Amino acid sequence: MKYVLLLACLAASSIPASAADNQRPNILWLFAEDTSPWMGCYGDPINRGHTPNIDSLADRGVRFSRAYVPAPVCSACRSALMGGQNQIRFNAHEHRSSRGPAKLSLPDGMKLLPQLVKESGYFTFNLGKTDYNFVWDEPATYSLMRKNRADIPWEDLKDNQPFFGQIQTAGGKNNTTKFPQDRKVDPSTVTVPPDYPQNQIYREVVAQHYDAIRKDDDFIGEVLAGLDEAGLRDNTIVVYFSDHGANNLVRHKQMPTEGGLHVPFIIAGPAPYVPSPSVRDDLVNLLDLSATTLAWAGVDQPEWYEGQNLFDEIVVPRIYVAAAKDRLDHTIDRVRSLRTDRFRYTRNYKTDRIFLQPQYRDDRPFVQNLHQLYRSGELSPTLTEIYFGERPAEEFYDVQQDPSQVHNLIDDEAYADQVQRHRELLDQWLAKGDDGIGEESREELAYQAMDHKWGQAVNPEYELVREDHDGDGLSDKWETINDRDPDDGKLLFQFDCGGWQTEGWTATDPDVGNIAGRLGFLDFPLPGGEAMIARNGLKLSPEQNDGQLLVRLQAPPSTKITLLAAAVDETLQPIGSATTESDDWQTVAIPMHPAKPIAEIRLQLRGKPDSIVQIDSIHIE
């Protein structure tokens, strides 16, 4: 790698001042959507020989083998590249924010990459989507904007050099229904990554992504041919890359994993701007492309930029690349992840929801298949833990040995020193600024809480802007979405909503830890033989909740469950108790006859020290 970087440095240092001043190159980004690096030039055996146009760029340019995007979703990634810094630094981290009534503005003095280039004398254009998470000035940013990415105005570009343009390609979103049958990939020939079910549905998903890349390669061939026919090739730098991983693999798109963040990245163009054909194996953040583009255009890099010129006189290999995930459509999350040479460390901040939260792809066969396999008990224990298990606060993977991130090593003592090192690296990165610490405004939450084409919102954050008329601690809208009765006024907790596993229950002692178990359950230990879980924010009618509190659970025999309750402005009082008879699943009943409206209830559990309790449901009958 040092040899490759030296070549890059020598090539970059040979750029004459006159070339920068008078003959600046054209710069063309071919920005693909939802595409993993499954091309022939990346050594993929299925697409070897089937991506000739992308491969041709690699043959005459620089292919980056370890390039990573700053976010695993289009709008956050694209916003970051336009801003030159990670999206969490300037409040561009929430997917498709500023679409509703709450608008976000760029920080004072901050300009987008195309605007900086345009102000230096470039003609700037974009064909296709923009998808930026803030209000921006289109005329100041682009000389030409078209939503149609296929109608490329070559004559206009010939007359307006130098130009910086983006042509958005469909990538993984290509509709391959009518793709020629003889060019389609046979699902029986593909390898499904080990973090997905090994069945026909997922073989078809993988095969279709290959087909989508082949179709995109055809479009890229048309662009390259147009560039040649217009006589623009010799002075145009062409960059091919993607905004994140495959769209129909649920641990790729939207997830800060190797699959979600690792993308193809190839630069081809004339000397001295692009070195001789080579492969770069150093870790690259796509924010480096923003910095490199400014360098090609002869524009000084603003102080807020986080990238580096990939072909500078001195290229310092990165120790790590970091990324962030926050709200995606209506699905709220907060994840930060960091990749070093060998390892990936991930921090999950919202552990009261499973990995496979309700999301925009829920009605698609590959997501439904995961749920069906889970409900039937046919999903392997490993995949059950990945998709439907308790969300770990931290994850740590040896991605050289385990690129699909199947084996979480966070508790493996052999890696304790490396885990601590990666914690510190992530802390250093976050110390530069993270706007994801707080939640969005109530106005934005209210907008996202509405029913949209991408789904219905079920995360607890939306409860702040919803009403709970019957006082059971769950908003009317949330109960309706989850097939509950919003008017019955009765306690009913089933823990089967992956976007809010706990349904508002919390442990009163931090030593108990995360009480959210796998989908459908609470799950927690009894440290020292005791734990207490609480649910407040109630306004329960005495009449509607006069009966028995039924708790279905699994715990060691002789575990005692005591119910405590409190009215508004009153102290908790013990109501009654029950004891488990065996370690099998069972339902215990505790009489409950409140005289006043109930504001809080608690369950105190006492039993074998460090034993595990699982609760399936809590309800009044």
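FYI, side chains are in, hydrogens and waters are out, and symmetry mates aren't considered; it's all heavy atoms of this structure. All values reported here derive from a predicted model rather than from experimental measurement.
The pair Asp137-Lys111 does not meet the salt-bridge criterion, since no charged nitrogen lies less than 4.0 angstrom from a carboxylate oxygen. Using a 4.0 Å cut-off between charged nitrogen and carboxylate oxygen, Asp195 and Arg251 count as a salt-bridge pair. A salt bridge is absent between Asp427 and Arg336: the closest approach of a Lys/Arg side-chain nitrogen to an acidic carboxylate oxygen does not fall below 4.0 angstrom. Electrostatic pairing of Arg183 and Asp218 counts as a salt bridge here, judged by a charged N lying under 4.0 Å from a carboxylate O. The pair Arg334-Glu94 does not meet the salt-bridge criterion, since no charged nitrogen lies less than 4.0 angstrom from a carboxylate oxygen. Asp282 and Arg318 are not joined by a salt bridge, as no carboxylate oxygen comes within less than 4.0 angstrom of a charged side-chain nitrogen. Under a 4.0 Å N-O distance rule, the pair Asp55/Arg48 does not qualify as a salt bridge.
Rounded to the nearest 0.5 angstrom, Leu144 CG and Leu157 CG are separated by 7.5 Å. In this structure, Ile220 CD1 and Thr51 OG1 are separated by 9.0 Å, a value rounded to the nearest 0.5 Å. With values rounded to the nearest 0.5 angstrom, Trp454 atom CH2 is found 6.0 Å from Gln448 atom CD. With values rounded to the nearest 0.5 angstrom, Cys41 atom SG is found 4.0 Å from Ile266 atom CD1. Atom NE2 of His330 sits about 10.5 Å away from atom CZ of Arg327, to the nearest 0.5 Å. Leu261 CG to Arg339 CZ: the interatomic distance, rounded to the nearest 0.5 Å, is 10.5 Å.
Checking side-chain atoms of Ser98 against main-chain N and O of Leu104 turns up a donor-acceptor pair under 3.5 Å. Formation of a donor-acceptor pair under 3.5 Å by the Asn174 side chain with backbone atoms of Gly171 is found in this model. At least one donor-acceptor pair closer than 3.5 Å links the side chain of Arg66 to the backbone N or O of Asp341.
Under 3.5 Å, the side chains of Asn348 and Glu395 contain a donor-acceptor pair of N or O atoms. Checking Glu258 against Tyr68 by side-chain atom types alone, a donor-acceptor pair falls below 3.5 Å. Under the 3.5 Å distance criterion, with hydrogens and angles disregarded, a donor-acceptor pair is assigned to the side chains of Thr177 and Asn175. When only modelled atom types and interatomic distance are considered, Gln308 and Asp288 share no side-chain donor-acceptor pair under 3.5 Å.
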Determine all donor-acceptor pairs shorter than 3.5 Å in which one atom belongs to a side chain in residues 187-194; sequence neighbours excluded.
{"unit_1": "Ser188", "atom_1": "OG", "unit_2": "Asp186", "atom_2": "OD1", "d": "3.0"}
{"unit_1": "Ser188", "atom_1": "OG", "unit_2": "Asp186", "atom_2": "OD2", "d": "2.9"}
{"unit_1": "Thr189", "atom_1": "OG1", "unit_2": "Asp186", "atom_2": "O", "d": "2.6"}

ring-ring contact (aromatic ring centres under 6.0 Å, His included) assessment of Tyr202 paired with Tyr196 = CA-CA 7 Å; Tyr202 277 89; Tyr196 298 94; 5.5 Å; yes
Show the numbers, then the answer: is there a side-chain contact (heavy atoms from CB on, under 4.5 Å) between Asn133 and His93?
-> CA-CA 8 Å; Asn133 291 332; His93 53 289; over 6 Å; no
Could you give me the CA-CA distance, side-chain angles and deciding distance for Phe311 and Tyr273, then say whether ring-ring contact (aromatic ring centres under 6.0 Å, His included) is met?
-> CA-CA 8 Å; Phe311 307 127; Tyr273 303 103; over 10 Å; no
Trace of the ring-ring contact (aromatic ring centres under 6.0 Å, His included) decision for Phe265 with Phe64 = CA-CA 6 Å; Phe265 181 32; Phe64 296 85; 4.6 Å; yes
Test log, rule side-chain contact (heavy atoms from CB on, under 4.5 Å), inputs Trp154 and Val223 = CA-CA 10 Å; Trp154 294 116; Val223 175; 4.2 Å; yes
Given Val117 and Leu294, is the side-chain contact (heavy atoms from CB on, under 4.5 Å) satisfied, shown in steps?
-> CA-CA 7 Å; Val117 174; Leu294 288 187; 3.8 Å; yes
Can you list the steps and then say if Phe164 with Trp296 is a ring-ring contact (aromatic ring centres under 6.0 Å, His included)?
-> CA-CA 10 Å; Phe164 164 64; Trp296 286 329; 9.3 Å; no
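Partners of Tyr122 under the ring-ring contact (aromatic ring centres under 6.0 Å, His included) rule, at least two apart in sequence or in another chain, do not exist in this structure. Scored by the side-chain contact (heavy atoms from CB on, under 4.5 Å) test, Met255 finds Thr257, Lys325, Phe355 as partners (sequence neighbours excluded). For Tyr42, there are no ring-ring contact (aromatic ring centres under 6.0 Å, His included) partners, not counting sequence neighbours. His407 meets the ring-ring contact (aromatic ring centres under 6.0 Å, His included) test with no other residue; sequence neighbours excluded.
Between Leu81 and Phe31, some side-chain heavy-atom pair lies under the 4.5 Å cut-off. At least one side-chain heavy atom of Leu106 sits less than 4.5 Å from a side-chain heavy atom of Leu112. Leu127 is not listed as a side-chain neighbour of Gln166, based on a closest heavy-atom distance of 4.5 Å or more. With contacts defined as side-chain heavy-atom distances shorter than 4.5 Å, the pair Thr169/Thr35 does not qualify. Considering only heavy atoms from C-beta on, Asp234 stays 4.5 Å or farther from Pro270 through its side chain. Under the 4.5 Å side-chain criterion, counting only non-hydrogen atoms from C-beta, Arg89 is in contact with Glu306. Counting only heavy atoms from C-beta outward, the side chains of Gln23 and Pro162 never approach each other to under 4.5 Å. Considering only heavy atoms from C-beta on, Asn247 stays 4.5 Å or farther from His252 through its side chain.
Using cut-offs of 30° and 60° for the angle between ring planes, the Trp38 and Tyr210 rings count as tilted. Note: Phe396 and His422 have perpendicular aromatic rings, judged against thresholds of 30 and 60 degrees for the angle between ring planes.
Among the candidates Lys129, His244, Lys253, Gln168, the single residue satisfying the side chain to side chain donor-acceptor pair (under 3.5 Å) test with Glu33 is Lys129.
Sorted by first and then second residue, the salt bridge (Lys or Arg N to Asp or Glu O under 4.0 Å) pairs involving residues 68-88 (not counting sequence neighbours) are Arg78-Asp243.
When all heavy atoms of Ala32 and Asp216 are compared, the pair lying nearest together is CB-OD2, 4.0 Å.
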